[in-house]
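Mind looking over this structure? Questions follow.
Predicted model only: the values in this text are computed from it and were never measured.
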Amino acid sequence: MSRSLRSRIALSIVRKKLPELVAADPISRLEDGLHVAIVGSGSPLPDAKRGNPCALIIAGGKVYVIDAGEGASETINGMGIDAGLIECLLLTHFHSDHIGGLGSVNLQRWVAEGSDSPLRVIGPPGVQRVVDGYNAAYELDRKYRVDHHGEAAVDPAIGAMVAEEFAVPPAGETAVVLEDDGLVVTAFEVDHSPVAPVVGFRVDYKGRSAVISADTVYCESLVAAAKDTDLLIHDALSEELLTMVSEAQIEAGNEARGKILADVLDYHATAPQAADAAQQARAKALAITHVIPPLPLKGLEEIFLAGAGDRFDGPLWLASDGDLYTLPAAGGLKRSNLLRRR
């Protein structure tokens with residue numbers, strides 16, 4: 001087949017498929033209830049299979065973003081989710097892998113149909129500095145786009161994000177940080193020392209609930225906040241695999257890199273510890289995310305989980321980018337993947 005013919009066939013396929021892709025609306029097909037989509041299930045370590053941390057809460061046809069690591073907007077688009085449906089963005093803390101995609105998420109929402117207000121970025125103390133920094137960095141970009149496309153297409157009044165700070169609740173306590181059309185988001189402090197402040201979020205909607213741990217070791221405040229939740233999404237690392245990678249870096253002469261990797265061990269839970277938290281909280285299901293280190297071979301997943309399934313009575317999954325956890329108002333839990341549908 002000639003290159004020219006192959007190109008014409010490819011163009012024909014794209015022309016036929018493009019209207020369907022552009023018009024796709026997976027949210028409209030969702031059951032009534034609470035839904036959690038994993039946009040990024042990885043960590044700061046480069047991982048071909050997993051993006052930086054980001055999750056979507058979907059309820060009542062609205063989308064709420066929790067954290068926005070690098071690549072978040074690209075994966076949200078790949079899942080077929082319209083950025084114009086994003087109501088707000090909540091941050092757990094300000095590690096680079098949790099905020100690196102903030103500018104791009106805001107840009108995609110700004111130019112999307114239906115956006116008529118600035119993106120609210122809700123977070124603990126420090127959120128104003130992060131938002132101010134991004135707004136300053138994108139100031140020239142916003143001007144270029146308004147000059148090029150016109151104010152009717154890209155409203156300059158909504159291009160910059162707006163920070164909303166909440167106080168971190170005292171140890172062992174929780175605080176409601178967002179209420180919207182029956183959706184309630186509650187924050188609680190977790191232990192990611194020496195990083196602070198760091199909060200996890202519990203989301204309740206129509207009698208269903210999900211808890212996102214953020215980055216933490218095993219933490220009693222998380223266990224308390226996650227009591228009887230339908231789904232706990234907990235970060236985890238593999239001590240065995242990460243130690244192996246750290247030692248390999250040191251043996252190769254990369255001592256600083258090896259030390260950094262070794263340091264990571266003391267401020268994340270392991271998969272068995274996440275399972276212990278889920279069991280103590282009486283969570284009905286557990287999904288492991290923020291996977292450290294990357295798992296290039298599927299056979300390493302069993303090593304990573306390290307028997308976690310033996311310590312938790314409910315369903316346990318190693319989350320992947322694109323995973324959608326559906327909690328219908330009528331009951332039950334369903335798991336699918338929005339990236340694999342496309």
Side-chain angles (χ1 to χ4, degrees), residues 38-55 67-72 74-75 91-102 190-198 200 212-219 222 232-278 286-312 316-323 339:
I38 304 299
V39 178
S41 58
S43 74
L45 301 183
D47 189 337
K49 297 180 180 179
R50 301 176 187 276
N52 281 187
C54 178
D67 290 333
E70 288 186 32
E74 292 85 350
T75 304
L91 294 176
T92 62
H93 67 297
F94 312 120
H95 254 149
S96 59
D97 56 317
H98 291 253
I99 65 171
L102 189 56
V190 294
D191 184 1
H192 194 40
S193 301
V195 181
V198 185
I212 296 179
S213 73
D215 294 1
T216 185
V217 296
Y218 177 92
C219 187
L222 180 144
L232 172 61
I233 298 173
H234 203 300
D235 71 313
L237 55 72
S238 166
E239 183 174 358
E240 180 179 0
L241 294 175
L242 191 58
T243 298
M244 183 174 66
V245 176
S246 171
E247 291 174 348
Q249 290 286 356
I250 292 171
E251 290 173 7
N254 302 320
E255 293 188 8
R257 195 175 302 172
K259 179 188 183 304
I260 290 170
L261 291 171
D263 288 345
V264 172
L265 291 165
D266 66 16
Y267 67 171
H268 286 282
T270 62
Q273 289 168 341
D276 288 343
L286 170 64
I288 301 292
T289 190
H290 202 288
V291 174
I292 311 173
L295 306 175
L297 302 175
K298 191 167 182 63
L300 293 174
E301 293 182 0
E302 184 175 348
I303 303 298
F304 184 93
L305 292 173
D310 297 331
R311 299 165 75 153
F312 174 61
L316 184 156
W317 301 286
L318 195 60
S320 298
D321 292 9
D323 277 358
L339 288 175

Measure across G200 and A214 and return the closest heavy-atom pair with its distance rounded to 0.1 Å.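 In terms of heavy atoms, the two residues are closest at CA-CB, 4.2 Å.
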pair I99-L91: side-chain heavy atoms closer than 4.5 Å: yes
Quick one: side-chain hydrogen bond (donor to acceptor under 3.5 Å, both in side chains) partners of T270, sequence neighbours excluded? Q273
Check whether more than 12 heavy atoms from other residues, nucleotides or ligands sit under 6.0 Å from atom CD of E301, and answer yes or no. yes
Have D235 and T289 got a donor and an acceptor in their side chains that come within less than 3.5 Å?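 Absent: no donor and acceptor within the cut-off.
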Residue pair H93 / D215, side-chain heavy-atom distance below 4.5 Å: yes
K49 side chain vs P296 backbone, donor-acceptor pair below 3.5 Å: yes
Rounded to the nearest 0.5 Å, what separates atom CG in L305 from atom OG in S238?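 L305 CG to S238 OG: 9.0 Å, rounded to 0.5 Å.
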The reported gap from CG in D47 to OG in S41 (rounded to nearest 0.5 angstrom) is 7.5 Å
With rounding to the nearest 0.5 Å, note down the distance linking CD1 in I260 to OG in S246. 10.0 Å
Between P272 and R311, what is the shortest heavy-atom contact and its length?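 It is CB-NH1, 3.2 Å.
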Starting at CG of L286, measure out to CD1 of I233 and round the result to the nearest 0.5 Å.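 Going from CG on L286 over to CD1 on I233, the span is 9.5 Å.
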Starting from the C-alpha separation in whole Å, work towards a yes-or-no answer on salt bridge (charged side-chain N to carboxylate O under 4.0 Å, His left out) for D321 and R50. CA-CA 6 Å; D321 292 9; R50 301 176 187 276; 5.3 Å; no
For H234, enumerate each residue passing the ring pair (Phe, Tyr, Trp, His ring centres under 6.0 Å) test, keeping only those at least two apart in sequence or located in another chain. none
Minimum heavy-atom separation for D67 to C54, with atom names?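 Shortest heavy-atom contact: O-SG, 3.2 Å.
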Using every non-hydrogen atom in the two residues, find where L232 and A277 come nearest and quote the distance to one decimal.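 Taking every non-hydrogen atom into account, CD2-C, 4.4 Å.
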Centroid separation H95 to H290 less than 6.0 Å: no
Can you name the nearest heavy-atom pair linking I292 to F304, along with the distance?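 Shortest heavy-atom separation between I292 and F304 comes out as O-CE1, 3.2 Å.
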If only atom types and distance count, is the side chain of T216 paired as donor or acceptor with the main-chain N or O of D191 below 3.5 Å? yes
May I ask you to test the I288-W317 pair for a side-chain heavy-atom distance under 4.5 Å?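 No. Closest side-chain heavy atoms not under 4.5 Å.
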Min side-chain heavy-atom separation L242-V264 under 4.5 Å: yes
Which value, rounded to the nearest 0.5 Å, describes the distance between I303 atom CD1 and E239 atom CD?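 Output value for this atom pair is 13.5 Å.
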Is the shortest side-chain heavy-atom distance between D97 and E70 below 4.5 Å? no
For K259, which residues count as a side-chain hydrogen bond (donor to acceptor under 3.5 Å, both in side chains) partner, sequence neighbours excluded? D263
Kindly compute the distance separating CZ (F312) from CG (D310), expressed to the nearest 0.5 Å. 13.0 Å
I'd like to know if the side chain of S43 reaches the main chain of L45, judged simply by a donor and an acceptor atom lying under 3.5 Å from each other, with no hydrogens or angles considered. yes
Does any part of the side chain of H98, heavy atoms only, come nearer than 4.5 Å to the side chain of N52, both counted from C-beta?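 No, too far: nothing below the 4.5 Å cut-off.
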Taking all atoms of both residues into account, what is the closest heavy-atom pair of A236 and A271, and its distance?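 For A236 versus A271, the nearest heavy atoms are CB-N, 3.7 Å.
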